[in-house]
Every structure is written in C-alpha cells, then in structure tokens.
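Residue numbers begin at 1 in each chain, while the letters A, B, ... track the order of the sequences. This structure is a prediction, so every number in the text was calculated from the model and none was measured.
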2 protein chains.
Amino acid sequence: MPEPVASVVPDPGSTAERILDAAEDLFAERGYSATSLGDVADRVGIRSPSLYNHFRNKEALYTAVMERLLDDFSGPIAELRSGPITHDRVLLWLETIVRKHHANPNLARLLQHAALSGGPGTSELVDRFFRPMFDSEHPIEDEPRPLLGDAGLQPWAVMAFNNLVMSYVTMAPMYRDLLGQDPFSQSALDKQLKLVTTLLQAVFDFRTPGERAGDS
Amino acid sequence: MPEPVASVVPDPGSTAERILDAAEDLFAERGYSATSLGDVADRVGIRSPSLYNHFRNKEALYTAVMERLLDDFSGPIAELRSGPITHDRVLLWLETIVRKHHANPNLARLLQHAALSGGPGTSELVDRFFRPMFDSEHPIEDEPRPLLGDAGLQPWAVMAFNNLVMSYVTMAPMYRDLLGQDPFSQSALDKQLKLVTTLLQAVFDFRTPGERAGDS
DNA sequence: GGGGTATACTAATGGCCATTAGTCTAGCCC
DNA sequence: GGGCTAGACTAATGGCCATTAGTATACCCC
C-alpha cells in the first residue's frame with residue numbers, strides 16, 4: 001500500500017491534484033460535513049473509493065486542501081511583518097489580499113465555514129492564518145497617536161478590515177443578484193479595491209483632521 | 001391531521017416554539033443540509049418524528065426559522081427608509097443593527113450559510129433582507145458630493161458596512177480565541193460599536209477634509 | 001363519560017454516506 | 001516475458017438521515 005501524500009503539493013495535472021481542486025471548490029461551497037466524497041469523485045470523474053488511493057480519508061483530504069490554500073495565502077502577511085509597519089505598507093498588504101481573495105475565493109469561504117461550524121483542524125487554521133495578524137509586537141510606526149483614538153481598538157480594526165475583504169467574497173453569490181453584475185469581474189475588483197483602500201485612507205486621516213498624512 | 005403552522009409565530013413556550021429555537025441555533029451553526037432533524041429533536045427533548053406534528057418537513061421548519069428572524073430584523077431598515085436619509089439617521093441605523101446582530105447572531109450566520117451554500121428560499125431571503133437597502137431611490141440627503149468621491153461606489157459602501165457588522169458575528173468563534181475574550185460580552189459590543197461608528201464617521205468626513213460635518 | 005383532537009411514541013423504509021476488502025488492468029524494471 | 005506496483009474498479013458494511021405509518025395517551029367539549 002502506498003503511503004498517501006500528506007502535506008506535499010502533488011504534481012500538476014495528476015489525479016491527486018485534480019481531487020484537491022474538486023474538493024477545494026466543494027468544501028469551500030458547502031463546508032466540511034455537507035460535502036460528500038461521492039460528489040468530489042463525480043467531479044473528478046472517478047468512483048469514490050478511488051479517492052482512498054490518494055488520501056487516507058475525508059479528513060486528510062480536507063486538511064490537504066487547507067494546507068495548499070494556506071501556502072498560497074501566507075505570503076502577504078509575512079511580507080508585511082518582514083519590515084516596518086507603515087501606512088503605505090499596510091495599504092499595500094490590504095490591496096494584495098483583496099486581489100488574492102478575488103483570484104481565489106475559496107480560502108475565505110473555507111475559513112467562514114470553519115468559523116461557523118468548526119471542522120477538523122479549525123484551531124490550527126486560526127493559528128496559521130489569523131494569529132500572525134495579531135501577535136505583532138510593533139504597532140504602526142508612523143502613528144503619533146493610537147489608531148481611531150483608542151489603543152484597544154487596533155486588533156478590532158485589523159479584524160474589521162480583514163472581515164471586510166473576506167466577507168465580500170463569502171457574500172458574493174448574494175451580491176451577484178443584488179448589484180446585477182459578476183462580483184468577480186475586473187470592474188467589480190476595481191470598485192472593491194477603491195472602496196477598501198479609500199476606507200483605510202479615511203481611517204488613517206480621521207485621527208488627524210486638517211492635517212493630511214500624504215503617504216502616497 | 002392538524003395543518004402545521006406556516007409563518008405565524010407560535011405561542012411562547014409551546015413545543016413549536018421550542019423547536020424553532022433549537023432549529024434556529026442549529027441551522028445557524030451548521031447550515032441547512034448539515035443540520036439533522038434528529039439533532040433538533042434531541043435538543044428539544046423529543047423524538048424526530050414528533051417534529052412532523054408541528055412542521056410539514058425540514059424545509060418548512062427552515063423557512064419558519066427564517067421567517068421569524070426576518071420579522072425580528074426588518075425593523076431598522078424600514079425605520080431608516082421611512083424618513084430622510086441623513087448622516088445621523090444612517091449612524092442610528094448602523095448602531096441599531098450592530099446591537100440587534102449582537103443580541104441574536106443567528107440571522108447573520110444563517111445568511112452567511114445561505115450565501116455560501118444556497119438552501120431553500122435563499123433568493124427570497126435576499127429580496128426581503130438585502131434588497132430594501134439597495135433599491136432606495138433617494139440618495140443621502142445632506143451630501144453635497146457623492147460618497148467616497150464616486151457615485152458608483154455607494155452600493156458597495158452599503159454592502160461593506162453591512163458585511164462589517166455581520167461578519168463580526170459570523171467570525172466570532174474565531175475571534176474568541178484570537179482576542180482572548182467573549183466576543184458577545186458587553187465590552188466587546190462597546191468596542192465594536194465604537195469601531196463601526198467611527199469608521200462611518202471617517203467615511204462621512206473623508207470627502208470634505210478640513211470641514212467637519214458635526215453631525216452629533 | 002365519550003368523541004375528537006393534539007401530540008407524543010415506536011417501527012420501518014429507502015437513500016446516501018464514509019469506509020473497507022478484494023479484484024483487475026496497464027505500465028515498469030529485470 | 002514475469003513479477004511488481006499504482007491506481008482504477010465493484011461489492012459490501014454499518015450508520016445516519018428524512019420521512020411515513022400506525023399507535024397510544026391526555027386533554028377539551030358535549
């Protein structure tokens with residue numbers, strides 16, 4: 001019996017990768033327990049017992065999906081933490097994650113399912129994706145006074161902007177109806193980018209009214 | 001055979017209401033298809049076939065849960081639409097929905113599940129809960145120029161603030177770990193209220209830098 | 001007290017689910 | 001070519017699920 005792949009990314013185009021692709025979409029849409037291996041197998045074009053040639057069980061498939069997504073999304077926050085936290089670099093981080101979530105909405109959807117319902121490895125998910133945003137010792141560097149006039153609000157603000165980005169994609173199916181256009185089109189991305197960056201600018205400017213920061 | 005209750009709110013303390021309470025929590029946590037009637041019945045303290053004395057089937061139970069939640073949450077937006085859309089009244093609306101979602105996080109969770117996975121009556125849900133926020137003909141009254149410097153962004157901004165409020169409660173389980181405190185405590189509510197109202201203030205002020213609106 | 005109704009129960013059904021066992025085939029190394 | 005292995009398949013398992021049928025009990029109205 002071949003020991004199935006654990007956390008290594010399989011060859012492109014291989015059956016294992018096609019399974020991961022199908023499973024990622026389905027887990028992201030329906031969550032862990034509402035996704036059946038039969039549906040995953042159908043989408044790949046094989047029978048469900050064949051999945052066990054590539055993954056130990058449903059839970060291993062799920063964690064492999066998470067692993068791959070986390071690898072893909074761990075870049076921007078690591079980048080931000082690798083240097084001084086300035087307004088410019090926070091704006092750059094925000095813009096980057098908007099683009100990344102827009103390009104692949106599945107991580108946000110998976111995280112949202114995990115937040116609502118739990119599922120295997122949820123606490124590891126929190127540790128690896130969210131914790132790095134919070135345990136940063138250094139505050140924003142070019143801040144004379146605490147953000148939003150209250151030091152205790154900073155984690156809440158981080159959370160808020162992250163939520164803003166992720167909830168756009170998790171709510172996208174509903175906004176497709178409401179706004180009458182594809183929420184993942186280029187023009188929608190442009191609008192979303194403009195909105196969140198303007199919002200962050202507004203926050204940066206708000207504490208010092210009359211005195212613009214002029215970061216750009 | 002008694003015709004089961006459709007959309008009327010049952011007596012307080014009755015079995016039907018206790019079923020609705022249990023089902024609301026479970027649907028909100030796990031979504032429609034991952035919730036089993038057996039679990040609902042267990043929580044009420046009866047056997048699952050007894051549920052059919054009160055609701056036609058799983059779908060009817062689900063829509064009854066939604067109905068009750070929509071009734072509860074339809075107040076604030078109706079209030080806002082009943083008069084002129086001013087900065088003050090938008091702030092009041094925002095504060096009200098923050099408090100309502102904090103008091104009962106289940107509507108936000110249910111809506112999030114519906115956005116991700118669909119489920120019975122999802123489009124009606126969108127029509128009844130979200131549509132009223134968008135098809136409003138009147139723009140903000142005391143606005144000399146369009147919000148955020150771009151008229152097309154207004155629906156996106158409405159969506160953003162709504163997401164901000166709802167995603168706080170749908171992500172709450174994760175932030176419980178991250179922030180090390182109960183996200184539904186009074187102090188957490190205070191912080192969240194301060195954050196979102198300040199954010200909205202920042203947006204209102206941002207278009208007219210140097211000239212404060214002075215709404216409060 | 002008797003009939004009707006509301007509402008609980010047990011038993012059963014057919015379907016889907018995750019998982020395992022065992023089989024077959026196509027390629028690879030000697 | 002002969003064995004080995006990867007990876008597909010079918011068949012079978014036990015469990016849970018939504019739903020129905022049929023039954024029992026307790027209350028209300030006369």
On the nucleotide [N], are OP1 or OP2 found under 4.0 Å from the side-chain N or O atoms that [X] carries?
{"X": "A/S50", "N": "D/dG7", "answer": "no"}
{"X": "B/S48", "N": "D/dC17", "answer": "no"}
{"X": "A/R47", "N": "D/dA8", "answer": "no"}
{"X": "A/H54", "N": "D/dA8", "answer": "yes"}

**Study point:** Which nucleotide in C/dA18, D/dT19, D/dA8 has an atom nearest any side-chain atom of A/Y52
**Key:** C/dA18

Point to revise | Under-4.0 Å salt bridge between B/R109 and B/D25 | key: no

Check your understanding: Salt-bridged, B/D39 to B/R30, with N to O below 4.0 Å?
Key -> yes

Practice item. Check if the side chain of B/N53 and the base of C/dA8 share a donor-acceptor pair of N or O atoms closer than 3.5 Å. Key: yes

In whole Å, what is the span from the [atom1] atom of [X] to the [atom2] atom of [N]?
{"X": "A/K58", "N": "C/dC16", "atom1": "NZ", "atom2": "P", "value": "16 Å"}
{"X": "B/I19", "N": "D/dA18", "atom1": "CD1", "atom2": "P", "value": "14 Å"}
{"X": "B/R56", "N": "C/dT7", "atom1": "CZ", "atom2": "P", "value": "16 Å"}
{"X": "A/L51", "N": "D/dA8", "atom1": "CG", "atom2": "P", "value": "9 Å"}
{"X": "B/L26", "N": "D/dA18", "atom1": "CG", "atom2": "C1'", "value": "16 Å"}
{"X": "A/F55", "N": "C/dT19", "atom1": "CZ", "atom2": "C1'", "value": "16 Å"}
{"X": "B/N57", "N": "D/dA21", "atom1": "CG", "atom2": "P", "value": "14 Å"}

Indicate whether any N or O donor in one side chain lies under 3.5 Å from an N or O acceptor in the other, for [X] and [Y].
{"X": "B/E95", "Y": "B/T197", "result": "no"}
{"X": "B/E29", "Y": "B/N106", "result": "no"}
{"X": "A/N163", "Y": "A/Y168", "result": "no"}

Exercise for review: Report yes or no: is the cationic atom of B/K58 (NZ for Lys, CZ for Arg) under 6.0 Å from the centre of the six-membered ring of B/Y52, at an angle within 45° of the ring normal?
Suggested key: no

Practice item. Check whether the ring centres of B/Y62 and B/F55 lie less than 6.0 Å apart, and answer yes or no. Key: no

Review point. Counting only non-hydrogen atoms, which of residues 34-43 of chain B are less than 4.0 Å from DNA chain C?
Key: none

